[in-house]
Q: 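Structure in structure tokens, see below.
Each chain gets a letter, A, B and so on, in the order its sequence line appears, and its residues count up from 1.
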There are 2 protein chains.
Amino acid sequence: MDTTHFRAEILKALGQPTRLKIIDFLRDGERCVCEIFPAIGEEQSNTSRHLNLMVSTGILFRRKEGVKIFYALKHMEIMEIVDLATQIMTQEITGRHRLLKAA
Amino acid sequence: MDTTHFRAEILKALGQPTRLKIIDFLRDGERCVCEIFPAIGEEQSNTSRHLNLMVSTGILFRRKEGVKIFYALKHMEIMEIVDLATQIMTQEITGRHRLLKAA
DNA sequence: CGGATATATGATTGAGTGATCATATAATAG
DNA sequence: CTATTATATGATCACTCAATCATATATCCG
């Protein structure tokens, strides 16, 4: 089986600023939409769409409680991936500093 | 500093089927374009564009040797990220099987 | 029931993306 | 110098995506 598309879909879901902000915010645990969209500074509507997308992709849990709907990270691996991306970013930035100083 | 866009850019670079195929192929080490595009079954032109994008994003090295241009993964973390995505995928697939069996 | 709150969804729009074809550039061999 | 090989790039096109506004749905409270 070729898993390329499935794996790309997961990584693509993480590679978008608004979704990444949501994921950062969900690190501390489950949150409802009404907490998420003010925290990340996006419209309720837009936030809802991104949350739905990430549930479809399989990286978020959804739980209903009364009127509120709570979302949470479904896999610890998601945080690890984001942390590794941060490491790469840091290396790139310091690497460029080194180049700038040398020039 | 808000690093959201930078981190998203890195993850986005990985979240595309053609680029993911390239990254899989580069696990074994440095390869030139003439080796890469037949291996992944894409056009030379298209392959070149994706390689350039990944160099700009800072996840690939480029080295010139005569007429050939070699590309290589620039960070070990890239392989780790892809492996973690594979783990998530596997958990999702087996999880769905379990649900199907229970139904 | 009627109003308020929380979330989702339809429609639209502008921007971005990936692939393709044709062509340009660069390096090397003969 | 010319032909060949390797790679990059311009132009184009269909498609996808993110954001927004307006509205629908659902739950709860009084």
Side-chain angles (χ1 to χ4, degrees), chain A residues 2 4-26 29-74, chain B residues 2 4-26 29-74:
Chain A
D2 183 24
T4 308
H5 283 268
F6 206 128
R7 289 182 297 148
E9 201 184 21
I10 292 170
L11 293 167
K12 187 179 175 183
L14 306 175
Q16 203 281 333
T18 304
R19 290 195 288 272
L20 201 46
K21 279 190 277 180
I22 293 173
I23 289 167
D24 284 341
F25 185 64
L26 291 180
E30 194 182 53
R31 291 282 184 273
C32 68
V33 185
C34 58
E35 294 171 302
I36 299 170
F37 82 85
I40 66 172
E42 292 289 331
E43 287 211 350
Q44 178 271 320
S45 164
N46 192 30
T47 305
S48 174
R49 275 182 220 282
H50 284 295
L51 288 166
N52 274 292
L53 184 146
M54 289 191 278
V55 170
S56 303
T57 310
I59 64 176
L60 289 190
F61 267 128
R62 167 190 274 142
R63 185 177 67 85
K64 192 173 182 175
E65 187 181 314
V67 188
K68 296 187 178 181
I69 301 194
F70 290 86
Y71 289 89
L73 297 181
K74 194 168 171 186
Chain B
D2 182 24
T4 307
H5 283 269
F6 206 128
R7 291 182 297 148
E9 199 185 25
I10 292 171
L11 292 167
K12 186 178 177 185
L14 305 175
Q16 203 280 335
T18 304
R19 289 194 288 271
L20 200 47
K21 279 190 277 178
I22 291 174
I23 289 166
D24 285 339
F25 185 63
L26 291 180
E30 195 183 52
R31 292 281 184 275
C32 68
V33 185
C34 59
E35 294 171 302
I36 298 172
F37 82 84
I40 66 173
E42 292 289 331
E43 288 211 351
Q44 178 270 321
S45 164
N46 193 28
T47 305
S48 173
R49 275 183 218 282
H50 284 295
L51 288 167
N52 274 291
L53 184 146
M54 291 191 279
V55 170
S56 303
T57 310
I59 65 177
L60 290 191
F61 266 129
R62 167 190 273 144
R63 184 177 68 85
K64 192 172 180 176
E65 187 182 312
V67 188
K68 296 188 179 180
I69 300 194
F70 289 87
Y71 289 89
L73 298 180
K74 193 168 170 186

Q: Nearest-Å distance, CG (N46(A)) to P (dT9(C))?
A: 14 Å
Q: Measure distances between side-chain N and O atoms of S48(A) and base N and O atoms of dT9(C), and say whether any donor-acceptor pair falls under 3.5 Å.
A: no
Q: According to a strict under-4.0 Å criterion, is Y71(B) in side-chain N/O contact with OP1 or OP2 of dA6(D)?
A: no
Q: If you check every side-chain atom of C32(A), which of dT7(C), dT20(D), dC28(D) has the closest atom?
A: dT7(C)
Q: Quick one: I69(A) CD1 to dT9(C) P, roughly how many Å, whole number?
A: 9 Å
Q: Touch check for T18(A), heavy atoms < 4.0 angstrom, all strands: base, sugar-phosphate only, or nothing?
A: sugar-phosphate
Q: Below 4.5 Å, heavy atoms only, C-beta onward: do L51(A) and V55(A) meet side chain to side chain?
A: no
Q: Could one point to a donor on the side chain of Q44(B) or the base of dA8(D) with an acceptor on the other under 3.5 Å away?
A: yes
Q: Round to a whole Å and report the spacing from CZ of R63(A) to P of dA26(D).
A: 20 Å
Q: Is any side-chain nitrogen or oxygen of K68(A) closer than 4.0 Å to OP1 or OP2 of dC28(D)?
A: no
Q: On a plain distance test, is the side chain of S45(A) in donor-acceptor contact with the base of dT9(C) below 3.5 Å?
A: yes
Q: Starting from the 5' end of DNA chain D, give me the residue, E42(A) or E35(B), whose nearest nucleotide shows up first.
A: E35(B)
Q: For a 4.5 angstrom cut-off between non-hydrogen side-chain atoms, does Q16(B) reach L53(B)?
A: no
Q: Which atoms form the tightest heavy-atom contact between L14(B) and L11(A), and what is the distance?
A: O-CD1, 3.8 Å
Q: Report yes if a donor N or O on one partner sits less than 3.5 Å from an acceptor N or O on the other, where the partners are the side chain of R49(B) and the base of dT7(D); otherwise report no.
A: no
Q: Given dA19(D), dT20(C), dC28(D), which nucleotide is nearest the side-chain atoms of Q16(A)?
A: dA19(D)
Q: Checking the side chain of S56(B) only, and the main-chain atoms of N52(B) only, is there a donor and an acceptor separated by less than 3.5 Å?
A: yes
Q: Could you tell me whether the phosphate oxygens of dA8(C), OP1 or OP2, come under 4.0 Å of any side-chain nitrogen or oxygen in R62(A)?
A: yes
Q: For L53(A) and F37(B), find the nucleotide of DNA chain D closest to each by heavy atoms; which residue's nucleotide sits nearer the 5' end?
A: F37(B)
Q: Quick check against the 3.5 Å criterion: does R19(B) have a side-chain atom that pairs as donor or acceptor with the backbone of A13(B)?
A: yes
Q: Under 4.0 Å from OP1 or OP2 of dT17(C): is there any side-chain N or O of H50(B) that close?
A: no
Q: On the nucleotide dA27(C), are OP1 or OP2 found under 4.0 Å from the side-chain N or O atoms that K64(B) carries?
A: yes
